[in-house]
Structure formats: C-alpha cells, structure tokens
**Student:** 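Can you read through this structure? Questions will come right after.
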Amino acid sequence: MDKLVRTFTITDDWAPLPWSVFSVVPLRDERGAVLAFAENVYKRDRVGLPKEFFSHGMREVNVNDAAQLAKFMSEYGLVGSRRSRGLMTDSVMDVKTVEDAHAVDKRYGIRRGAKRRWTGEEVLSWYRSLQKAAEEAEIGWLPSSQSLNNLHQGRLFVTAYEAVESFKGLLTAAEVAALLLRCDEPRKVAEELEMNLEDMFNYVAYWEGYINELLQSLCPQMELRLQRDGVNSPLPIEEYEKPEREGSFDQAVALQIYKYSLAKNRYKICKECGTVFVERETKGRKGPSRSTAKFCSDKCHNRYSQREKRQRDSEKRRGAME
C-alpha cells in the first residue's frame with residue numbers, strides 16, 4: 001500500500017550533512033612549492049566529527065606541513081570555502097588562454113595568497129603548472145575534450161592558500177566563540193583581543209558571519225516522498241528544482257561551534273591546558289555527571305594524572321632519602 005511520508009533535513013539531533021572523503025594529495029610546481037590539494041581516490045562518506053574537534057584534533061595539525069595537512073584532509077575531507085571547492089578537473093585542465101584563467105578565477109573565487117596583483121600571464125602560468133602537476137600525480141585527469149564520450153574523471157581541489165587560510169579561519173572562529181562564552185562585557189572582550197571597541201565589534205561580527213555562511217545550507221527543509229513497500233521514492237510528478245545541499249568538513253566544524261556557543265551556562269576551563277570546553281550531557285549513564293568535569297578531554301586528564309603521579313613518587317623518594 002502506498003502512502004505519503006515526509007523526510008526532514010533537521011531532526012532533534014541536528015547533524016551536519018554527509019560529505020564524501022577522498023585521499024588527498026598535494027600538487028607541487030617544479031620548485032616543490034605546493035600549488036593545491038587534490039582529491040584522488042574515494043574513501044568513504046562522513047556524517048560527523050569527534051566532539052569539539054576544533055579544540056583538539058585540529059589544533060594538532062601543522063598547516064604549514066603540506067604532507068601533514070594532506071593526511072588530515074584524507075581523513076576528514078577537503079578544507080576550503082564551498083565556492084572554491086567547486087573547482088573540478090575540467091575547469092582546470094581546459095584552461096588554455098589568459099581569458100580562460102581569469103574566467104576560472106572569477107567563477108571559483110581562487111585565492112593564491114600573494115599580496116600583489118597577478119598579471120594575466122602569471123595566472124596562466126600558475127594553471128599550466130597545476131595541469132602538469134596533476135598529470136604527473138597520475139590520478140587520471142584529462143581535459144574533457146580528450147576523455148571518452150566527452151566525460152572526465154572529475155576531482156575537486158583547493159589551492160594551498162585556500163586550504164590553510166580556511167583551516168586557520170575555523171580555529172579563529174572557535175577562539176572567538178570560546179572568548180564570548182567566558183566573557184560578555186564589551187570592554188573586557190576588547191581588552192582580551194587588544195582592540196578598541198569599534199574594531200572589536202567588527203571583528204566578532206565578521207567571525208559570526210563566517211560561521212553563519214557555512215551553516216546556510218543546513219536550514220530546515222522537508223520533502224514529500226511516496227513510500228511503496230517500505231521504500232521512499234520521489235513523487236510521480238515532474239521534478240521540481242530543489243536547492244543544492246552538500247555537506248563539508250567546514251560545515252561540520254561550523255555546526256560544532258554553533259552548538260558550543262549555545263552552552264553559555266555549561267562551559268568549563270580545562271585544568272590541564274586551559275581550553276574552554278562545554279560539559280558533556282549525561283543521559284542515563286552510570287557514574288558521576290560531567291557537571292564536575294575539570295578536563296576538556298581524556299588526553300588532558302591522563303596527562304595531568306601522570307604528572308601528578310610522577311610528582312608524588314618523586315616526593316616519596318626524597319622523603320625516603322632524608
């Protein structure tokens with residue numbers, strides 16, 4: 001028996017949209033400088049991240065180490081703005097002229113990091129270096145004009161500058177969120193940031209906007225489906241246009257920062273590392289509640305306990321020698 005059912009994009013457990021994770025390789029020019037990070041082989045889909053990942057796992061990454069950053073993205077997905085992450089194989093490999101290069105730059109908001117303005121020939125040279133690096137990486141990239149049936153093995157990538165700056169941006173947004181959890185007086189916030197009031201207001205508003213932009217595609221939506229024999233299918237009507245919905249690592253971190261910012265009355269400061277963290281909720285679990293938690297993670301708890309034990313053992317040895 002057929003029946004109409006609704007599917008919802010946001011439930012009580014507000015989770016990020018799933019995103020695909022590929023192995024990621026750095027693409028270098030002839031001098032060894034990293035031009036971009038590119039997806040290679042599909043690994044899996046992700047649906048979430050470890051708790052408060054911006055306070056722990058992300059801070060352990062040296063973003064200036066291309067190999068380390070590539071390894072991180074191979075585990076969690078490309079880092080970069082949604083617009084820049086739309087850049088795919090055919091757009092890069094089909095660049096032949098300065099006009100082509102400028103058109104791709106404009107469409108995807110390409111950022112390379114140089115403070116000066118690049119000439120048209122320099123931009124084209126950059127794309128040629130990227131094309132050569134992609135071919136040498138042997139990841140099966142070909143211009144669409146040379147691919148079978150005009151198809152190509154499309155892969156996404158971001159410039160090295162985009163990946164690093166986006167990674168740093170997420171960490172900065174998390175730092176601002178932590179600051180506003182423990183301090184809500186404008187003058188004190190300005191003092192912490194070493195800014196005047198006007199600059200402070202602009203600064204915190206910028207990072208709030210940064211997170212909100214990443215959360216845009218998480219807006220609540222529902223959709224009618226036709227269920228037949230337990231299987232949900234589209235309605236038997238002409239397909240209507242739906243907004244594109246795609247998850248990403250950046251979005252998942254932004255959602256964590258959003259949830260973290262809601263916990264104004266439940267934050268703590270880690271006794272070991274000084275990180276501002278939010279108490280974990282305990283529902284039906286045995287043992288003490290995290291309301292008395294003193295550490296942001298098991299790693300910090302263990303590090304503190306081991307140091308305290310070494311200190312006690314040292315004091316015992318000194319006492320035995322006296």
Side-chain angles (χ1 to χ4, degrees), residues 14 16 49-65 68-69 72-73 76 79-84 109 111-116 158-216 218 248-280 290 293-297 299-300 303-304:
W14 193 4
L49 296 169
K51 182 178 174 63
E52 291 179 20
F53 195 53
F54 51 83
S55 292
H56 304 105
M58 289 183 66
R59 295 193 179 279
E60 297 173 359
V61 179
N62 177 7
V63 295
N64 296 315
D65 184 328
Q68 190 176 145
L69 185 54
F72 177 91
M73 290 191 288
Y76 297 103
V79 181
S81 70
R82 181 178 180 182
R83 182 183 177 191
S84 68
R111 298 194 297 167
R112 297 182 187 83
K115 295 182 179 180
R116 61 179 176 79
V158 295
T159 67
Y161 181 81
E162 177 72 36
V164 170
E165 290 303 304
S166 294
F167 197 100
K168 290 179 178 178
L170 290 169
L171 291 178
T172 301
E175 290 170 358
V176 171
L179 172 58
L180 296 178
L181 273 181
R182 59 184 176 83
C183 183
D184 56 11
E185 295 182 28
R187 292 194 180 278
K188 289 186 177 180
V189 174
E191 288 176 5
E192 289 265 1
L193 294 172
E194 299 182 346
M195 298 178 180
N196 60 44
L197 280 175
E198 182 179 357
D199 288 345
M200 180 275 291
F201 286 134
N202 285 322
Y203 185 77
V204 297
Y206 171 84
W207 289 110
E208 181 180 78
Y210 183 89
I211 293 301
N212 284 336
E213 184 177 352
L214 289 169
L215 295 175
Q216 282 181 351
L218 281 175
S248 69
F249 171 80
D250 304 60
Q251 181 195 81
V253 176
L255 182 56
Q256 283 198 341
I257 294 173
Y258 173 86
K259 291 181 176 180
Y260 173 81
S261 300
L262 289 174
K264 178 65 178 175
N265 299 319
R266 294 193 294 112
Y267 83 88
K268 297 283 186 178
I269 298 178
C270 181
K271 191 173 181 180
E272 170 64 17
C273 70
T275 294
V276 177
F277 69 99
V278 174
E279 301 166 336
R280 296 175 185 171
R290 280 293 299 266
K294 299 178 181 179
F295 305 96
C296 66
S297 65
K299 182 180 292 186
C300 278
R303 189 182 296 127
Y304 179 88

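These values consider heavy atoms only, across backbone and side chains, with no hydrogens, waters or symmetry-generated copies.
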**Student:** Can you list everything that forms a side chain to side chain donor-acceptor pair (under 3.5 Å) with S55? Sequence neighbours excluded, please.
**Tutor:**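 Side chain to side chain donor-acceptor pair (under 3.5 Å) list for S55, sorted by chain: empty.
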**Student:** Applying side chain to side chain donor-acceptor pair (under 3.5 Å), name anything that partners Q251, two or more places apart in sequence or on another chain.
**Tutor:**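 Listed in chain order: S217.
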**Student:** Tell me, please, which residues at least two apart from R112 pass salt bridge (Lys or Arg N to Asp or Glu O under 4.0 Å).
**Tutor:**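 R112 satisfies salt bridge (Lys or Arg N to Asp or Glu O under 4.0 Å) with D105 only.
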**Student:** Tell me, which pairs form a ring-ring contact (aromatic ring centres under 6.0 Å, His included) where one or both residues lie in residues 161-188, sequence neighbours left out?
**Tutor:**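 Listed once each, the pairs are F72-F167.
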**Student:** Check residues 197-209 and write down every donor-acceptor pair under 3.5 Å in which the side-chain atom is one partner and the other belongs to a residue at least two apart or another chain.
**Tutor:**
residue	atom	partner	partner atom	Å
D199	OD2	N196	ND2	3.3
N202	ND2	E198	O	3.3

**Student:** Residues two or more places apart in sequence or in another chain: which of them pass side chain to side chain donor-acceptor pair (under 3.5 Å) with E192?
**Tutor:**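 Once residues adjacent in sequence are excluded, the partners of E192 under the side chain to side chain donor-acceptor pair (under 3.5 Å) criterion are R182.
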**Student:** Okay, side chain of E162, backbone of S84: is any donor-acceptor separation there less than 3.5 Å?
**Tutor:**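 No, because the side chain of E162 does not come within donor-acceptor range (under 3.5 Å) of the backbone of S84.
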**Student:** Considering residues at least two apart in sequence or located in another chain, which fulfil the salt bridge (Lys or Arg N to Asp or Glu O under 4.0 Å) criterion with R83?
**Tutor:**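 Partners of R83 by the salt bridge (Lys or Arg N to Asp or Glu O under 4.0 Å) criterion come out as none, since no residue qualifies.
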**Student:** Could you work out, with side chain to side chain donor-acceptor pair (under 3.5 Å) as the rule, every residue matching K188, not counting sequence neighbours?
**Tutor:**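 Side chain to side chain donor-acceptor pair (under 3.5 Å) list for K188, sorted by chain: empty.
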**Student:** If you look at every heavy atom in L214 and A254, which pair is closest and at what distance?
**Tutor:**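 Heavy atoms of L214 and A254 come nearest at CB-CB, 3.7 Å.
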**Student:** Applying side chain to side chain contact (heavy atoms under 4.5 Å, CB included), name anything that partners N62, two or more places apart in sequence or on another chain.
**Tutor:**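 Testing N62 for side chain to side chain contact (heavy atoms under 4.5 Å, CB included), a comparison that skips the adjacent residues, returns N64, D65, Q68.
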**Student:** Closest approach of V158 and G80, non-hydrogen atoms and distance?
**Tutor:**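 Here V158 and G80 meet closest at CG1-CA, 4.4 Å.
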